[in-house]
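Scroll down for the structure; my scribbles are underneath it.
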Amino acid sequence: MNKGKKRVLIVDDDEEMCEEMGEILKGEGFLVDAVFNGLDAEKIMEQNRHDLVLLDMKLPGVLGTEILRIAKAIKGGAKILVMSGSDIVTRFKEESEAAIPGSQEALLQLADGIISKPFKIEDILLKVKGLLR
């Protein structure tokens, strides 16, 4: 019944945002899982294969950088779209060439895309669809 549909995991401690994004993505034909902390993200990634993870970097439990590392280590792993405050995005863009291995900036290089919060729905839908082509 769900054959061919792409599965998206939203990992963010803002439950309202997760619910809203989930409804929008479901309306676009995606299967959606949402969790609100790093521990639940780890569990659900072990149980299901996701095509895309929308990942906030500031999470309770397990940090977003660790979830990013775990998601990329899974065979046939998901694309990762990091959602975070503009300060991290700006720092990443400025420091990515000089990133120290193991630093947050170096880990962000594992991401397939980064989008600053707050974002417009149209912008994130374009990124999601672009990554899942």
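Ionic pairing of Lys43 and Glu46 is not present here: no N-O contact between side-chain nitrogen and carboxylate oxygen is shorter than 4.0 angstrom. Note on Asp112 versus Lys127: no salt bridge recorded, every NZ/NE/NH1/NH2 to OD/OE distance being 4.0 Å or above.
Here Leu59 contributes atom CG and Asp14 contributes atom CG; the two are 11.5 Å apart, rounded to the nearest 0.5 Å.
Using a 4.5 Å heavy-atom threshold, the side chains of Asp12 and Leu54 count as separate. Residues Leu25 and Met21 meet the side-chain proximity criterion, which asks for heavy atoms closer than 4.5 Å. Looking at heavy atoms from C-beta onward, Leu81 lies out of side-chain contact with Val53 at the 4.5 angstrom threshold. Counting heavy atoms from C-beta on, the side chains of Asp123 and Ile115 come closer than 4.5 Å. Counting heavy atoms from C-beta on, the side chains of Met57 and Leu63 never come closer than 4.5 Å. Residues Phe30 and Asp51 have side chains not in contact (no heavy-atom distance under 4.5 Å, counting atoms from C-beta outward).
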Under 3.5 Å donor-acceptor pairs involving side-chain atoms of residues 31-40, not counting sequence neighbours:
residue : atom : partner : partner atom : Å
Asp33   : OD1  : Arg7    : NH1          : 3.4
Asp33   : OD2  : Arg7    : NH1          : 2.9
Asp33   : OD2  : His50   : NE2          : 2.8
Asn37   : OD1  : Leu39   : N            : 3.0
Asn37   : OD1  : Asp40   : N            : 2.8
Asn37   : ND2  : Asp40   : OD2          : 3.2

Side chain to side chain contact (heavy atoms under 4.5 Å, CB included) between Ile124 and Lys120, intermediate numbers included = CA-CA 7 Å; Ile124 199 160; Lys120 294 180 182 174; over 6 Å; no
Where do Lys58 and Asp13 land on the side chain to side chain contact (heavy atoms under 4.5 Å, CB included) test, with the steps shown first?
-> CA-CA 8 Å; Lys58 292 184 180 178; Asp13 60 346; 5.8 Å; no
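Looking at every heavy atom in both residues, Ala71 comes nearest to Ile80 through CB-CD1, 3.4 Å.
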